[in-house]
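For this chain, numbers begin at 1 and follow the sequence in order. Remember, predicted model here, so these are calculated numbers, not experimental data. The figures that follow rest on heavy atoms only: side chains count, while hydrogens, waters and symmetry mates do not.
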Amino acid sequence: MENKRSITHVVLTGGIGSRLWPLSRKSMPKQYLSLFEGQSLFELTVNRNRAIADKIMVVGNVDNCHLSKKVMEKSNLPYVNIVEATPRNTAAAIAFAAFASDPNDILIVTPSDHIIDDMDKYKEAMDEAVNKADNGFIVTFGIQPTKPETGYGYIERKGDNVLSFREKPNEITAMNFIEKGNFLWNSGMFCFKASTFLEELKAFQLDVYEASKIAWEKNKEGELDYELSMAIPSISVDYAVMERSKKIKVVASSFVWSDLGSFESVYDYLVAKGHPIDENGNMAIGTDNYTAFVGVKDTIFVFTEDANLILKKKASQDVKKIYTKLEKEGSELLN
């Protein structure tokens, strides 16, 4: 009798969330902050797919694997742990998960730092994706845009066929995308058979395929060797496979989705959950101290013990510049 293939939820936990500094730090990236009704984004991600997947695989790096381990132990779910010695971008991270799986296993690959609501629509999208993956396609999830967002990449499509992937646009381009009506936000989530992904990676990015395979074959209980990892080219899955393969399909969905990649999106989420703002739309995060805003509108005050941030909500994407500046200075404030 043929073995029933299983569905594995692969959670990618890399990433520092530099646009959420000073809340997000190297020692406590945004996906582990308990900002979300007492839970972290990582916890919410793991719980979200419990009903859909048979197995969980966590791909993290040596700096944050203790944080995901804590959550996984609390959830009592068995899982496969893959620990990268050094971050080598998403093509390699996903390749490790595929090498660790049976060829017929279907992998649902998601970042660990997204907010998702409307679980009925989410489950519908997952079922459709698993079906397409069973038929040998690599599926990407596109979200119906609700506004001309400049912080997301876009997918141009015709039906379930992908015409092109677009980088984060400027405001005018984003408005054009929305007007055209056949553009979706690129959620960075994927679904495919392990063997299909590896075949395409091998075809389009042989160097990543071979170096990842060598590193994986020498893993010790899921932990990867540093020298072998450094030999893997650091390339995103978008460049390595998604933008080149002819096997890509898109599942369009309208479940509520945000990558919480900026304080603007955190602000919108917290407002929806009843977090207080004043009559001019100002918000304080991270402190219960009485905070008064005078003469300013749509301003966010972020409090932490060793650093504060004050920003206009619409300038949220620029927080990364501060992070980059502090990084150049070798600042302790990033740790």
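The heavy-atom pair separating Ala240 from Gln205 by the smallest distance is CA-OE1, 3.9 Å. Closest approach of Ser229 to Ala85, counting heavy atoms only: OG-CB, 4.0 Å. When all heavy atoms of Lys168 and Gly153 are compared, the closest pair comes out as CG-N, 4.0 Å. Here the closest heavy-atom approach between residue Thr196 and residue Gly136 is recorded as CG2-O, 3.4 Å. Shortest non-hydrogen contact noted between Gly261 and Lys30 is CA-NZ, 3.5 Å. The two residues Met189 and Phe255 make their nearest non-hydrogen contact at CE-CZ, 3.7 Å.
Residues that satisfy the side chain to side chain contact (heavy atoms under 4.5 Å, CB included) test with Glu223, not counting sequence neighbours, are Val83. For Arg48, there are no side chain to side chain donor-acceptor pair (under 3.5 Å) partners, not counting sequence neighbours.
Using a 30° and 60° split on the angle between ring planes, Tyr32 and Phe42 fall in the tilted class, from 30° to 60°. Between Trp185 and Trp257, the two ring planes are tilted [angle within 30° to 60°].
When atom types are taken as modelled, the side chain of Ser112 and the backbone of Leu12 share a donor-acceptor pair closer than 3.5 angstrom. Side-chain atoms of Lys55 do not come within 3.5 Å of backbone N or O of Ser101 as any donor-acceptor pair. A donor-acceptor contact shorter than 3.5 Å links the side chain of Asp54 to the backbone of Ile7. Remark: the backbone N or O of Thr291 is not paired with any side-chain donor or acceptor of Asn289 at under 3.5 angstrom. Thr13 contributes a side-chain N or O that, together with a main-chain N or O of Val59, makes up a donor-acceptor pair within less than 3.5 Å. Counting only distance, with no hydrogens or angles, the side chain of His275 and the backbone of Asp268 share no donor-acceptor pair below 3.5 Å. A distance-only check finds a donor-acceptor pair linking the side chain of Ser245 to the backbone of Lys247 [under 3.5 Å]. Without hydrogens or angle criteria, Ser331 side chain to Leu326 main chain gives no donor-acceptor distance under 3.5 Å. With Asp225 contributing its side chain and Glu227 its backbone, the two residues share a donor-acceptor pair below 3.5 Å.
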- Message: Set out, in order, the CA-CA distance, both residues' side-chain angles and the distance that settles side-chain contact (heavy atoms from CB on, under 4.5 Å) for Asn308 and Ile310, then state yes or no.
- Response: CA-CA 7 Å; Asn308 298 330; Ile310 299 160; 5.5 Å; no
- Query: Given Lys132 and Cys191, is the side-chain contact (heavy atoms from CB on, under 4.5 Å) satisfied, shown in steps?
  - Reply: CA-CA 9 Å; Lys132 288 185 194 306; Cys191 180; over 6 Å; no
- side-chain contact (heavy atoms from CB on, under 4.5 Å) between Thr45 and Ile116, worked out: CA-CA 8 Å; Thr45 304; Ile116 288 171; over 6 Å; no
- Task: Start with the C-alpha gap between Ser262 and Val319, add the side-chain angles, then the distance that decides, and say whether side-chain contact (heavy atoms from CB on, under 4.5 Å) holds.
- Result: CA-CA 8 Å; Ser262 69; Val319 175; over 6 Å; no
- How far apart are the C-alpha atoms of Thr173 and Asn176, what are their side-chain angles, what is the distance that settles it, and do they pass the side-chain hydrogen bond (donor to acceptor under 3.5 Å, both in side chains) test? CA-CA 5 Å; Thr173 308; Asn176 287 339; 5.4 Å; no
- Kindly determine whether Glu156 and Ser164 satisfy side-chain hydrogen bond (donor to acceptor under 3.5 Å, both in side chains), including the steps that lead there. CA-CA 5 Å; Glu156 183 187 9; Ser164 71; 2.7 Å; yes
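A side-chain donor from one of Arg25 and Thr304 sits under 3.5 Å from a side-chain acceptor of the other. When only modelled atom types and interatomic distance are considered, His9 and Thr110 share a side-chain donor-acceptor pair under 3.5 Å. Defined by atom type and a distance below 3.5 Å, a donor-acceptor pair is missing between the side-chain atoms of Glu221 and Asn219. No side-chain N or O of Asn282 forms a donor-acceptor pair with one of Lys297 less than 3.5 Å apart.
Proximity of Leu224 to Phe96: side-chain heavy atoms (C-beta onward) are separated by under 4.5 Å at one or more points. The shortest distance between side-chain heavy atoms of Tyr267 and Val271 falls below 4.5 Å.
With hydrophobic clusters built from ILVMFWY side chains whose heavy atoms lie under 4.5 angstrom apart, Leu333 shares a cluster with Tyr323. Residue Met230 is not grouped with residue Val62 when hydrophobic side chains (ILVMFWY) are merged at heavy-atom distances under 4.5 angstrom, including chains of intermediate members. Under the 4.5 Å side-chain heavy-atom criterion for grouping Ile, Leu, Val, Met, Phe, Trp and Tyr, Phe99 is not connected to Tyr226 through any hydrophobic cluster. Note on Leu20 and Leu33: same hydrophobic cluster, where clusters join Ile, Leu, Val, Met, Phe, Trp and Tyr whose side-chain heavy atoms are under 4.5 Å apart, directly or indirectly. Under a hydrophobic-cluster definition in which Ile, Leu, Val, Met, Phe, Trp and Tyr are linked whenever side-chain heavy atoms come within less than 4.5 Å, directly or via other members, Ile82 and Val11 are assigned to different clusters.
Between Thr299 atom OG1 and Asn280 atom CG the span is 9.0 Å, to the nearest 0.5 Å. Expressed to the nearest 0.5 Å, how far CG of Leu309 lies from CZ of Phe303 amounts to 13.0 Å. Note that CG of Asn89 is 10.0 Å distant from OH of Tyr239, once rounded to the nearest 0.5 Å. Atom CG of Asp259 is separated from atom CG of Asp113 by 6.5 Å, given to the nearest 0.5 angstrom. Rounded to the nearest 0.5 angstrom, Glu149 CD and Phe177 CZ are separated by 13.0 Å.
Using a 4.0 Å cut-off between charged nitrogen and carboxylate oxygen, Arg19 and Glu264 do not count as a salt-bridge pair. Of the charged side-chain nitrogens involved, at least one lies within less than 4.0 Å of a carboxylate oxygen, so that Glu43 and Lys74 count as a salt-bridged pair.
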